[in-house]
Amino acid sequence: MSLAQGRQILAIPGPSVMPDRVLNAMHRAAPNIYAGALVDMMPGLRADLQAVARTAQNVAIYIANGHGAWEAANVNMFRRGDKALSLVTGRFGEGWAQQARDLGVEVEMIDFGRSAPVDANRVEAALRADTQGRIRTVLLTHVDTASSVLNDVAAVRAALDAVGHPALLAVDCIASMGCDRFEFDAWGVDVAVSASQKGLMVPPGLGFVWVSDRALELCRESDLRTPYWDWTVRARATEFWMNFGGTAPTHHLYGLREALTMIVHEEGLEHVWARHDTLARAVWAAFEAWGDGASNIALNIADPAARARAVTGARIAAPDATRLRQWCETEAGVTLGIGLGMAPPDDPRWHGYLRVGHMGHVNAHMVLGTLAVMEAGLQALGIAHGSGGVAAAARVVAGG
Ligand SMILES: *Cc1c(COP(=O)(O)O)cnc(C)c1O
């Protein structure tokens, strides 16, 4: 008998669960885009977008998903013939680099595998070897949503500084923004990209590109960009429409206003990060308990310091990860994330990975509920597992 009736939970790493407050804020008649509340909202919205990335510098907004934000960053940063140094720790790092390559940028890729973070020493060596200074940008993924690796942005900045290399540091924060600590200014980031539908709790449709003053200046001669994607006017908009290159994404802006009010002004960004940290540790504790002993269950990232607070990737030997996902959805109303990029989709091993999304509008009861459902599924399906996963997670929540 299925027990899935009731409110469904989407525990995939984006789109994430949206607060009813955000959805309700969007439920309104079409607003005036020439004057009034929406136009007046803009300065505060920009200030809060700066706050969420911890920067006093520039931000450009696009009607786009994360791929659009990637492309916005790429076409503004690169000139024809430039080179990118791409640091890959999962499927998304690969995707951003591939897009740059498709745009005609030469890409030097360092692949750190699917279960380990960037090693800054190797980055430093690659920068030192670039004696002609052809590397225009270092592309780094803060949290790779496929592997659930968390990368050390400040360590990559330190590698650039140690070499004295002028390359821009560009960071994909699509999964991490509003989940894992990110400090645009303090860490010396030049470009950061994100999107609305993950930690920022708004439907997919808004892409954000934060740009340092240095990058804005340096990229003035970039010749890959087209008028719509040019970040100059958007970042320095003096009229409302200039923020969007045309009609504003009216309802998304109301949703974003509500979400940023919740993150920046009510809960507070530091607390939002702390909540994600505790809930992530609860998820890890459950997997560690299930993986105890002879079971075929393991977290994808062994080192806790390299684990994301937004998403957790795990191995449950094929085909059990897929069986468990299906059971959770059809029997208990919880949708877990597929394993992405860990094995080709037509490879039987593809069914040996899954991901749990814990980004954005998630609290203790949602995460504990998801883990309890997973534990029930492990039992129902006869998948060998260590005992006490939910109890271990509860101990983390109890300890704050
Ligand atoms: C989700 C995600 C993307 C892609 O974003 P879309 O909105 O699906 O285009 C890119 N990078 C990371 C790290 C992501 O998590």
Side-chain angles (χ1 to χ4, degrees), residues 10-18 52-53 60-75 84 86-103 109 111-112 114 117-118 137-153 156 169-182 189 191-210 229 249 252 255-256 259 276 280 300-301 306-313 335-342 353-360 362:
L10 189 65
I12 70 174
S16 63
V17 172
M18 289 172 287
V52 90
I61 305 171
Y62 295 89
I63 301 180
N65 59 16
H67 281 72
W70 274 352
E71 188 156 331
N74 280 340
V75 299
S86 155
L87 313 178
V88 173
T89 55
R91 183 72 206 89
F92 287 94
E94 223 166 50
W96 198 10
Q98 183 59 44
Q99 194 197 61
R101 200 179 277 126
D102 291 345
L103 287 163
M109 189 187 284
D111 194 335
F112 298 88
R114 291 292 174 276
V118 163
T137 299
V138 176
L139 299 176
L140 172 67
T141 312
H142 189 207
V143 163
D144 198 299
T145 324
S147 59
S148 70
V149 163
L150 168 72
N151 282 307
D152 185 343
V153 178
V156 174
L169 174 56
V171 186
D172 175 344
C173 297
I174 296 173
S176 60
M177 191 64 71
C179 304
D180 268 289
R181 175 178 292 277
F182 177 74
V189 176
V191 175
V193 302
S194 195
S196 50
Q197 78 273 19
K198 298 189 181 179
L200 299 180
M201 316 188 298
V202 176
L206 293 179
F208 308 105
V209 182
W210 291 265
W229 295 101
H252 273 72
L256 181 66
H276 280 84
N300 187 43
I301 310 300
R307 291 181 195 152
R309 271 68 163 217
V311 52
T312 297
T335 303
L336 301 171
I338 59 170
L340 198 63
M342 304 300 289
Y353 296 94
L354 58 70
R355 292 172 301 159
V356 182
H358 35 91
M359 50 175 55
V362 285

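Counting starts at 1 for both ligands and their atoms, following the listed order. Small disclaimer: the values here were computed from a predicted structure and weren't measured.
Closest protein heavy atom to atom 11 (N) of ligand 1: Asp172 OD2, 2.7 Å. Ranking the protein heavy atoms by distance from atom 5 (O) of ligand 1 puts Gly66 CA, 3.4 Å first. Scanning all protein heavy atoms for the shortest distance to atom 9 (O) of ligand 1 gives His67 ND1, 2.5 Å. Of all protein heavy atoms, the one lying nearest to atom 14 (C) of ligand 1 is Lys198 NZ, 2.9 Å. With hydrogens left out, the protein atom closest to atom 15 (O) of ligand 1 is Thr145 OG1, 2.3 Å, a heavy atom.
At a heavy-atom cutoff of 4.0 Å, ligand 1 is contacted by no atom of Trp96, backbone or side chain. Counting heavy atoms closer than 4.0 Å to ligand 1, residue His142 contributes nothing at all.
Using cut-offs of 30° and 60° on the angle between ring planes, the pair Trp70 and Trp96 is parallel.
Here Arg355 contributes atom CZ and Leu340 contributes atom CG; the two are 4.5 Å apart, rounded to the nearest 0.5 Å.
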>> As a quick check of understanding, evaluate side chain to side chain contact (heavy atoms under 4.5 Å, CB included) for Val153 and Leu169, giving each step before the final call.
In response: CA-CA 9 Å; Val153 178; Leu169 174 56; 4.1 Å; yes

>> Please determine whether side chain to side chain contact (heavy atoms under 4.5 Å, CB included) holds for the pair Tyr62 and Val193, giving the CA-CA distance in whole Å, both sets of side-chain angles, and the decisive distance to 0.1 Å.
In response: CA-CA 11 Å; Tyr62 295 89; Val193 302; over 6 Å; no

> Going through the checks in order, is the side chain to side chain contact (heavy atoms under 4.5 Å, CB included) test met by Phe112 and Val149?
Replying inline: CA-CA 11 Å; Phe112 298 88; Val149 163; over 6 Å; no

> Step by step, would you call Val171 with Phe182 a side chain to side chain contact (heavy atoms under 4.5 Å, CB included)?
Replying inline: CA-CA 10 Å; Val171 186; Phe182 177 74; 4.2 Å; yes

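Less than 4.0 angstrom separates some heavy atom of Val143 from each of these atoms of ligand 1: 13 (C). Each of the following atoms of ligand 1 lies closer than 4.0 Å to a heavy atom of Gln197: 6 (P), 7 (O).
The one candidate from Asn151, Thr141, Leu139, Val138 that meets the side-chain contact (heavy atoms from CB on, under 4.5 Å) condition with Leu87 is Val138.
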